[in-house]
Amino acid sequence: MFESTVVKARVYTDETGVFYEIPVLLTPNGSLGSLVDYFVAHWDIRSPQWMIKVVQAVRLFLEYLDAHSDGVDGQDTFQNFRQRLLTGSIDHTAGSDPSGLWWRPRGPKASNRIICNLTDFFSWWCSKHPTRPNPTALWRNSSYDYLVAQAAYEYRRNQAFLGHTWSSFQETSRKPGMPLSTKWHRTPAVEKENPPAFPEDRVMDLLFKGFKVAGKYNYRDMLITLLMNGAGFRVSEPFHLYLWDVTEDPKCPGSALILIHHPAWGAAPNDSRWNDATGVRRKGNRAEYLAEMYGLTPRDWALGTEGAGWKGGMHETQFGGYYKQAYWFIPEFAHLFWDIWHKYIEQVRQIDPASRAHPYAFMNVGRAPKGGIYKMGKFEVSHTAALERIGLVSSKRLGTSIHGHRHAYAQRLRRAGIPKEMIRRFMHHTDLASQEVYTQADQEECREYLAAAISRLNAMGDSSRTKFAVIDSESVGVMQGQAWNR
């Protein structure tokens with residue numbers, strides 16, 4: 001059975017001392033060097049989260065190859081692997097799995113994601129090594145690198161055929177005029193429907209009751225929640241906020257002006273301690289600032305618990321650097337944030353500055369290590385506990401998950417009649433299509449729309465009302481009898 005593990009590692013590629021923190025797949029014969037090369041080549045354009053998904057896909061593929069003595073056997077290997085992702089590997093009639101994989105069915109959507117990641121990896125490998133792999137060559141660290149090279153070569157050789165069999169639902173990319181696929185196991189088509197947003201009537205309860213423990217308010221988590229629900233930020237984005245990034249809005253006294261700068265390329269703060277050899281104030285980006293002042297790298301470069309993603313989108317530059325500004329809706333949230341921010345800063349001032357070896361706004365204020373970087377996972381636990389205190393559970397289906405706050409912000413904008421182009425800007429999307437998942441009508445709104453339509457029909461007069469007359473119970477019984485007689 002293929003035994004492997006994924007570890008976080010630092011990779012050095014030259015003599016500068018600069019390293020890449022990436023996930024490394026350790027096989028029984030050492031690290032998978034081809035995957036290391038792939039991640040280093042894409043480090044500056046893809047996220048750590050993407051790397052984790054790719055390493056999981058490659059791991060599954062190697063597990064499958066290891067369970068089959070034939071290794072890579074042309075197009076059949078790819079087709080069988082795809083189908084085992086869909087169906088699982090267990091014979092449930094006998095309760096056995098001779099392969100030893102014991103895979104559960106993953107379904108079309110998850111299977112296609114795995115296949116897409118493998119396809120990109122194989123395509124990249126073929127572009128670097130276009131010739132047939134030599135089994136007698138020294139494949140760097142691991143003999144499994146040869147299996148990867150062989151699979152990539154076979155993929156390229158059979159690419160025309162695999163275009164019809166490799167993906168579990170090619171129908172989504174079918175061009176006009178092309179014949180329809182006859183595949184049965186494709187992803188069902190679904191309506192674009194907005195996942196439920198966080199309930200508007202429970203936001204204040206969450207802030208002032210949920211985040212109150214033993215008579216004390218958790219100001220830090222209240223602020224993070226306000227950034228999501230009142231300004232539409234993703235949960236990861238507030239974790240890049242510096243103490244310098246929150247100021248009073250000069251155009252609206254008493255409210256907060258917040259700029260969340262790009263984790264690496266945003267402008268460094270105006271820190272009086274950051275000077276060059278001549279004592280002149282340094283200017284630069286946040287990657288430079290973190291490295292020189294704290295020996296840290298941007299949080300979106302990290303794979304550990306202190307990491308926080310940065311999905312990209314549109315940035316602004318009016319105030320210098322690259323940042324995302326908080327567009328509060330409703331304005332009362334901006335005033336509330338500013339009031340709570342001052343209470344939170346009072347807590348921060350009580351922490352020894354020497355223990356705050358970072359510039360981030362959100363830190364540990366009540367538990368050890370005091371002053372340490374506040375981790376996103378800790379907030380997620382705190383948010384779940386706060387929900388429970390007000391009688392709610394964290395559920396994407398109910399809109400009470402963390403991401404439900406961003407949906408609530410978008411829905412609030414839509415209901416207020418804000419144009420799509422402005423919603424795009426307020427949510428920092430690159431294009432209009434990105435906001436569709438946030439601004440679709442939910443089921444409750446669909447029912448309200450139908451109810452309003454029925455009211456309009458009923459108001460049209462008797463001639464129309466007779467077509468929609470209420471059917472009495474006796475008529476229903478007659479209709480049911482006729483249906484059964486058929």
- request: Could you walk me through whether F208 and K212 pass the side-chain contact (heavy atoms from CB on, under 4.5 Å) test, one step at a time?
  value: CA-CA 6 Å; F208 290 99; K212 188 176 184 180; over 6 Å; no
message: salt bridge (Lys or Arg N to Asp or Glu O under 4.0 Å) for R424 and E421? Distances and angles first, verdict last.
response: CA-CA 5 Å; R424 181 204 64 76; E421 172 56 31; 2.8 Å; yes
H261/R286 under side-chain contact (heavy atoms from CB on, under 4.5 Å): CA gap, chis, key distance, verdict: CA-CA 9 Å; H261 290 259; R286 298 205 164 193; 3.1 Å; yes
message: Please evaluate residues N218 and Y344 with respect to the criterion side-chain hydrogen bond (donor to acceptor under 3.5 Å, both in side chains), reporting the C-alpha separation (whole Å), side-chain torsions for both, the decisive distance (0.1 Å), and the verdict.
response: CA-CA 9 Å; N218 184 339; Y344 171 66; over 6 Å; no
- prompt: Where do Y217 and I340 land on the side-chain contact (heavy atoms from CB on, under 4.5 Å) test, with the steps shown first?
  reply: CA-CA 10 Å; Y217 287 112; I340 297 175; over 6 Å; no
task: With side-chain contact (heavy atoms from CB on, under 4.5 Å) as the test, would you mind laying out the steps for L259 and K324 before giving the verdict?
output: CA-CA 6 Å; L259 311 179; K324 296 180 181 180; over 6 Å; no
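Below 30°, between 30° and 60°, or above 60°: for W50 and H42 the angle between ring planes is between 30° and 60°, a tilted geometry. Using cut-offs of 30° and 60° for the angle between ring planes, the Y38 and F121 rings count as tilted. The aromatic rings of H129 and W125 sit tilted, their planes meeting at an angle between 30° and 60°.
Two residues are said to be in side-chain contact when any heavy atoms from C-beta on lie closer than 4.5 Å; H358 and M363 meet this criterion. Contact check for E63 versus W103: side-chain heavy atoms found under the 4.5 Å cut-off. Annotation: side chain of K209 is not in contact with side chain of R202 (no heavy-atom distance under 4.5 Å). You'll find the side chain of I22 reaches within 4.5 Å of the side chain of V24, heavy atoms only. Two residues are said to be in side-chain contact when any heavy atoms from C-beta on lie closer than 4.5 Å; F39 and L35 meet this criterion. For the pair F61/F78, a side-chain contact is recorded, criterion being any heavy-atom separation below 4.5 Å from C-beta on. Counting heavy atoms from C-beta on, the side chains of H335 and C252 come closer than 4.5 Å. Side-chain contact between P263 and F239: absent, with no pair of heavy atoms (C-beta onward) separated by less than 4.5 Å.
Within 6.0 Å of CZ on R356 lie more than 12 heavy atoms contributed by other residues, nucleotides or ligands. Residue Y20 places its OH atom among 12 or fewer non-hydrogen atoms of other residues, nucleotides or ligands, all under 6.0 Å distant. Within a 6.0 Å sphere centred on OH of Y322, heavy atoms belonging to other residues, nucleotides or ligands number 12 at most.
The side chain to side chain donor-acceptor pair (under 3.5 Å) test with R281 is passed by exactly one of N270, D276, D271: N270.
Checked by atom type and distance alone, the side chain of E237 pairs as donor or acceptor with a backbone atom of R234 at under 3.5 Å.
Atom CG in L62 sits 7.5 Å away from atom OG in S4 (nearest 0.5 Å). In this structure, the separation between CD1 on I258 and CG on L226 is 8.5 Å, given to the nearest 0.5 Å.
Residues F2 and Y64 keep their aromatic ring centres 6.0 Å or farther apart. The six-membered or imidazole ring of H315 lies near that of H262, with a centre-to-centre distance under 6.0 Å. For H405 and F233, the distance between ring centers is not under 6.0 angstrom.
Side-chain atoms of K370 and S355 include no donor-acceptor pair closer than 3.5 Å.
A cation-pi arrangement, defined by a distance under 6.0 Å to the six-membered ring centre and an angle within 45 degrees of its axis, is absent between R46 and W43. Judged by the 6.0 Å distance and 45° axis criteria, R299 is positioned over the aromatic ring of Y360. Both the sub-6.0 Å distance and the 45° axial angle are not jointly satisfied by R220 relative to the ring of F362.
Taking every heavy atom of both residues into account, W328 and A256 meet most closely at NE1-O, 3.0 Å.
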